[in-house]
Protein chains: 2
Amino acid sequence: MSSRETGRPYHHGSLPETLVAHAVELLDEAGPEAVVVREVARRAGVSPAAPFRHFADRAALMTAVTEAVAVDFSGIQRAAVESADDLPFRALGTAFVHYALTYPHRFALLRAAVFGATRAPALEAGHRAFTEAVTDLIVAGQRRGDLRAADPRLVRVTAQALVYGLSQMFVDGYLDPTDADTLITETIALFGLGVLPETHPARPT
Amino acid sequence: MSSRETGRPYHHGSLPETLVAHAVELLDEAGPEAVVVREVARRAGVSPAAPFRHFADRAALMTAVTEAVAVDFSGIQRAAVESADDLPFRALGTAFVHYALTYPHRFALLRAAVFGATRAPALEAGHRAFTEAVTDLIVAGQRRGDLRAADPRLVRVTAQALVYGLSQMFVDGYLDPTDADTLITETIALFGLGVLPETHPARPT
DNA sequence: TCCTCGATGTGATCGATGATTACATTCGCT
DNA sequence: AGCGAATGTAATCATCGATCACATCGAGGA
């Protein structure tokens with residue numbers, strides 16, 4: 001029997017997961033810089049040194065946080081596509097922006113994780129699958145005649161850039177989140193039509 | 001006469017500017033987190049405490065850095081518009097992305113400064129002027145029949161989001177900077193035409 | 001059953017950093 | 001010339017990431 005008077009046993013049992021959970025908590029509360037190892041440890045009820053038994057350094061902890069967030073995010077993205085299959089692109093874009101609005105602080109991490117040069121290996125497969133799925137959606141849309149017959153990769157990258165930039169503008173406070181849905185819809189609609197007038201012969205922009 | 005043997009006088013003379021310059025240097029070299037007050041002071045040849053005579057805290061120094069960068073950036077943006085007045089939008093977008101590619105680390109700061117909710121007062125006027133100038137460009141383009149007659153504000157925001165997202169994707173390493181010019185051109189062209197097929201009656205996306 | 005060993009948590013401590021304070025030096029103004 | 005404000009310095013503190021020696025616990029073999 002332990003001589004400790006605390007209810008908690010000496011060994012936590014699932015400290016890594018608990019640490020990541022508390023780190024995500026801190027992230028959502030006050031941003032990435034607020035994820036301080038000591039505070040994470042304090043919330044988990046362990047000593048400041050304990051986290052280093054499971055994560056080589058703070059960066060490793062942040063990587064784990066990012067992966068956890070990315071898994072959550074990709075689940076939502078997948079659900080968005082599956083639940084609205086007649087307008088999948090708008091559903092995707094809307095879900096993306098909504099996630100950014102709901103968890104603004106996670107956005108910075110996701111950015112680095114999803115668009116970063118050095119993607120965590122654990123996320124590589126999921127990201128690749130997601131990219132292919134989107135490309136397939138585009139190709140299918142083009143076959144149906146719903147989308148312009150442009151290079152699918154170009155369409156995908158452009159759409160990503162648009163949604164991504166819009167999200168960041170919301171997160172940064174440049175745009176009013178109140179109008180989010182309206183603005184998202186209008187933006188995507190404009191992207192569909194293009195900024196050039198219909199009557200205009202293909203003229204460079 | 002000074003009893004100090006160093007060539008430098010006790011009073012630096014223009015320490016704030018020098019500190020900001022060295023801070024920008026550090027920023028460009030290794031990112032925002034590398035802007036460490038002590039290192040900035042060291043490069044300026046003053047004691048670690050000296051910067052605090054001119055900047056309340058590190059955040060204030062970073063704000064000054066941001067303003068300096070923003071001034072530089074807005075000058076380039078203005079030059080881009082003036083030097084290429086037949087395709088001002090592409091010139092603007094290209095200049096924006098190029099700046100992000102040339103100074104990737106400045107991009108994070110500019111993001112907060114330009115799109116941030118709490119814009120530094122010193123930048124507010126310039127930003128407002130720039131926004132109005134872009135809107136005027138859009139309205140003029142619409143009058144000439146070069147642009148679709150949509151809400152100018154919507155057009156502006158959408159274009160900003162696109163350029164902005166594209167920049168970030170380059171900076172994050174998601175896109176290969178080698179193809180930058182090609183991709184920028186193609187992306188803007190697609191944005192002009194829209195992703196919906198021409199023959200398609202206005203259908204929601 | 002007991003004992004050992006590896007895994008996990010702790011306390012002490014170090015180095016770097018942001019920030020403050022008391023003091024020193026210099027400049028500008030009268 | 002001299003005085004007060006501005007500017008720079010040295011010393012010091014608190015916080016944080018990280019390391020190390022040591023304590024504690026749990027699982028598997030003798």
Side-chain angles (χ1 to χ4, degrees), chain A residues 1-66 105 108-109 112, chain B residues 1-66 105 108-109 112:
Chain A
M1 170 186 172
S2 169
S3 63
R4 302 169 62 88
E5 295 302 323
T6 72
R8 180 179 61 79
Y10 188 92
H11 286 300
H12 185 285
S14 56
L15 188 51
E17 298 84 340
T18 304
L19 290 173
V20 170
H22 284 290
V24 172
E25 205 177 281
L26 278 166
L27 170 69
D28 285 338
E29 286 174 13
E33 300 179 6
V35 182
V36 170
V37 177
R38 295 173 115 94
E39 176 63 15
V40 173
R42 199 190 62 75
R43 294 198 177 193
V46 294
S47 77
F52 293 96
R53 285 285 176 200
H54 303 276
F55 301 96
D57 51 15
R58 181 180 180 277
L61 173 61
M62 293 308 287
T63 298
V65 169
T66 301
H105 294 303
L109 295 186
Chain B
M1 169 184 172
S2 167
S3 64
R4 303 167 63 86
E5 293 304 319
T6 72
R8 182 179 60 78
Y10 188 93
H11 286 302
H12 184 286
S14 56
L15 187 51
E17 298 84 341
T18 304
L19 290 173
V20 170
H22 284 291
V24 171
E25 204 176 282
L26 278 167
L27 171 69
D28 285 338
E29 285 173 13
E33 300 180 7
V35 182
V36 170
V37 177
R38 294 173 115 95
E39 176 64 15
V40 173
R42 200 190 62 74
R43 293 197 179 194
V46 294
S47 77
F52 292 96
R53 285 286 175 199
H54 303 276
F55 301 97
D57 52 15
R58 181 180 180 278
L61 173 62
M62 293 308 286
T63 299
V65 169
T66 302
H105 294 303
L109 295 186

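All values below come from the heavy atoms of this structure, side chains included, with hydrogens, waters and symmetry mates left out. Just so it is clear: chains get the letters A, B, ... in the order the sequence lines come, proteins before strands, and each one is counted from 1.
Taking the side-chain contact (heavy atoms from CB on, under 4.5 Å) definition, one finds that A/Phe55 meets it with A/Pro16, A/Leu19, A/Val20, A/Ala60, A/Leu61, A/Ala64, sequence neighbours left out. B/Ala108 pairs by the side-chain contact (heavy atoms from CB on, under 4.5 Å) definition with nothing, not counting sequence neighbours. For A/Arg53, there are no side-chain contact (heavy atoms from CB on, under 4.5 Å) partners two or more places apart in sequence or in a different chain. For B/Ala49, the side-chain contact (heavy atoms from CB on, under 4.5 Å) partners two or more places apart in sequence, or in a different chain, are B/Ser47.
Defining each end axis of the helix from C/dT1-D/dA30 to C/dT30-D/dA1 as the rotation carrying four pairs' C1' atoms onto the next four, with five pairs an end, the two axes are found to diverge by 10° to 10 degrees.
Spacing between atom CG of A/Asp57 and atom C1' of C/dA16 amounts to 16 Å, rounded to whole angstrom units. Between the CG atom of A/Leu19 and the C1' atom of C/dT8 there is a distance of 12 Å, rounded to whole Å. We find that CZ of A/Arg42 is positioned 13 Å from P of D/dT15, with the value rounded to whole Å. A/Arg38 has its CZ atom 11 Å from the C1' atom of C/dG11, to the nearest Å. The CE-C1' distance, from B/Met62 to C/dA19, rounds to 17 Å in whole Å.
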Atom pairs, protein N/O to nucleotides 3-5 of chain D N/O, distance under 3.5 Å:
none

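From B/His54, atom NE2 reaches atom OG1 of B/Thr18 across 9.5 Å, with rounding to the nearest 0.5 Å. Note that NE2 of A/His22 and CG of A/Leu15 are 9.0 Å apart. Values are rounded to the nearest 0.5 Å.
Here the shortest heavy-atom pairing between A/Val35 and A/Met62 reads CG1-SD, 3.5 Å. Among all heavy-atom pairs drawn from B/Pro48 and B/Ala41, the shortest one is CA-CB, 4.0 Å. In plain terms, the two heavy atoms of B/Ala23 and B/Val65 that are nearest each other are CB-CG2, 3.5 Å. The minimum heavy-atom distance between B/Leu27 and B/Pro32, with the atom names listed, is CD1-N, 3.5 Å.
Residues B/Arg42 and B/Arg38 fail the side-chain proximity criterion, which asks for heavy atoms closer than 4.5 Å.
Listed in residue order, the members of residues 24-33 of chain B having a heavy atom less than 4.0 Å from DNA chain D come to none. If you check residues 48-55 of chain B against DNA chain D, the residues with a heavy atom closer than 4.0 Å are B/Ala49, B/Ala50, B/Arg53, B/His54, listed by number.
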### Message
Between B/Leu26 and B/Val36, is the side-chain contact (heavy atoms from CB on, under 4.5 Å) condition met? List the steps.
### Response
CA-CA 8 Å; B/Leu26 278 167; B/Val36 170; 5.9 Å; no
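The salt bridge (Lys or Arg N to Asp or Glu O under 4.0 Å) contacts involving residues 13-31 of chain B comprise B/Glu25-B/Arg43, B/Asp28-B/Arg106, B/Glu29-B/Arg43, where partners must be two or more places apart or lie in separate chains.
The shortest distance between the side-chain N/O atoms of B/Arg58 and the OP1/OP2 oxygens of C/dG18 is below 4.0 Å.
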